[in-house]
Amino acid sequence: MDIAEVWGNRWVSCTDSISKKYMQVAYRKKSLVCLAADRSTMAGLHQLIDEVGEHIAALKTHVDLVDDWSKDAWEVFCQKAKKADLLIFEDRKFADIGKITNKQMGGIYDIRSWSDLVTSHLISGPDIVDGIQKSWNDVGREGGVLLLAQMSSRGNLLDAEYTADVIAVGRDHSGVFGFIGNGSNPNDIRRLRKSAGEGKMIWTPGVNINVGDGELGQRYGSPEEAVNAGSDCIIVGSGIHKAAEPKASARAYADASWNALLNR
Ligand code: 5BU
């Protein structure tokens, strides 16, 4: 099957360059997996790319949880991620007003200089997206914003009305790459896909082969069901980085997500 057949409507409707890039990487690697690389040392992070890089399409980071972070070490790490054909996604969950978020893309971590994607809440209004886009623009780079339309954690306050408001802004905004959906619940994903239409990505955390409740309010749904319901990328953390054999586990998530896409 060629790439247009594999991705179907999404290939036709998601025309921005980062969506196309993601779909191409996923197609090359036969994997719709974004690894949530939640390790707190640089060595642990390097080890993850070495072990599972070939089975994942994107790498999600929390740059502020790395104990031995330094600017130089991070640069080397990002180069390694690019060499491994990975999109780099900082899950920063911005929430401030546009002009402050614009500055927070710089600062000590300088997220604008290495991220291809970032997450953002829309609680402060639509200018946050423009603030983020301006920061990439300032350094001559391109990036995409994933808006939190839903979350995977128990008791979160993103209700159906809020989700609809986020979609209404994000659907037609060229700076919005797509939406974060609740990977733990296929019905939530299905509803989100229905109102978001075909023209935006839906990426879903809260995915694990062992479904059910996780640590501290996290919830998990199955990789196949998430993709069947309309997710374009499953975000998997501990299911891979805490597995006894991360490589075999990454492979299993890649196969599950890829086969589900082919069936979809
Ligand atoms: P886990 O180990 O697969 O539970 O890791 C999930 C990751 O996804 C972790 O980095 C979270 O910050 C991230 N996440 C999430 O779990 N749920 C959400 O709604 C959002 C992000 Br948004």
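We count ligands from 1, going down the list as the structure has it; atoms in each ligand are counted the same way.
In terms of polar-atom proximity, V236 is not counted as a contact of ligand 1, lacking any N or O under 3.5 Å from an N or O of the ligand.
Salt bridge status for D255 with R251: present, with a side-chain N to carboxylate O gap under 4.0 Å. By the 4.0 Å N-to-carboxylate-O rule, D85 lies too far from K83 to be salt-bridged with it. Salt-bridge formation is detected for the pair R193/D232: a Lys NZ or Arg NE/NH1/NH2 atom is positioned less than 4.0 Å from an Asp or Glu carboxylate oxygen. At a threshold of 4.0 Å, the pair K82-D116 does not count as salt-bridged, since none of the basic side-chain nitrogens sits closer than that to a carboxylate oxygen.
Each of the atoms 12 (O), 13 (C), 21 (C) of ligand 1 lies under 4.0 Å from some heavy atom of D91. Close contacts between ligand 1 and A36 involve ligand atoms 7 (C), 10 (O) [criterion: under 4.0 Å to a heavy atom]. When each atom of ligand 1 is checked for a heavy atom of L148 under 4.0 Å away, the hits are 22 (Br). Residue-ligand proximity, Y220 to ligand 1, at heavy-atom distances under 4.0 Å covers atoms 1 (P), 2 (O), 3 (O), 4 (O). Counting atoms of ligand 1 from 1 in the listed order, those under 4.0 Å from a heavy atom of I180 are 22 (Br). Here is the list of ligand 1 atoms found below 4.0 Å of a heavy atom in K93: 12 (O), 20 (C), 21 (C), 22 (Br).
If you check which protein heavy atom lies closest to atom 3 (O) of ligand 1, you get G237 N, 2.9 Å. Atom 16 (O) of ligand 1 has Q218 NE2, 2.8 Å as its closest protein atom, hydrogens excluded (heavy atom only). Among protein heavy atoms, atom 2 (O) of ligand 1 sits closest to S238 OG, 2.5 Å. Here the protein heavy atom with the shortest distance to atom 18 (C) of ligand 1 is P205 CG, 3.4 Å. In terms of protein heavy-atom proximity, atom 9 (C) of ligand 1 is nearest to D38 OD2, 3.3 Å.
Both the backbone and the side chain of S152 come within 4.0 Å of ligand 1, counting heavy atoms alone. Using a 4.0 Å cut-off between heavy atoms, K60 contacts ligand 1 through its side chain alone, with no backbone atom that close. Counting heavy atoms under 4.0 Å from ligand 1, residue M151 touches it through both backbone and side chain.
In this structure, H62 is part of the shell of residues with a heavy atom less than 4.0 angstrom from ligand 1. Using a 4.0 Å cutoff on heavy atoms, E215 does not count as a contact of ligand 1. Heavy atoms of T119 come nearer than 4.0 angstrom to ligand 1 in no pair at all.
Counting only distance, with no hydrogens or angles, the side chain of E198 and the backbone of N9 share no donor-acceptor pair below 3.5 Å. Formation of a donor-acceptor pair under 3.5 Å by the D68 side chain with backbone atoms of M42 is found in this model. Side chain of S152 to backbone of Q218: no donor-acceptor contact under 3.5 angstrom is found.
The aromatic ring centres of W203 and Y22 sit less than 6.0 Å apart. In this structure, W74 has its ring center at least 6.0 angstrom away from the ring center of Y109.
Other residues sharing a hydrophobic cluster with L157 under the 4.5 Å side-chain heavy-atom criterion for ILVMFWY residues do not exist; the residue is a singleton.
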When the side chains of residues 47-55 are checked against the rest of the protein, which donor-acceptor pairs come out under 3.5 Å, sequence neighbours left out?
residue, atom, partner, partner atom, Å
Q47, OE1, R39, NH1, 3.3
Q47, NE2, E51, OE2, 3.3
D50, OD1, K80, NZ, 3.1
D50, OD2, K80, NZ, 3.4
E54, OE2, K247, NZ, 2.4

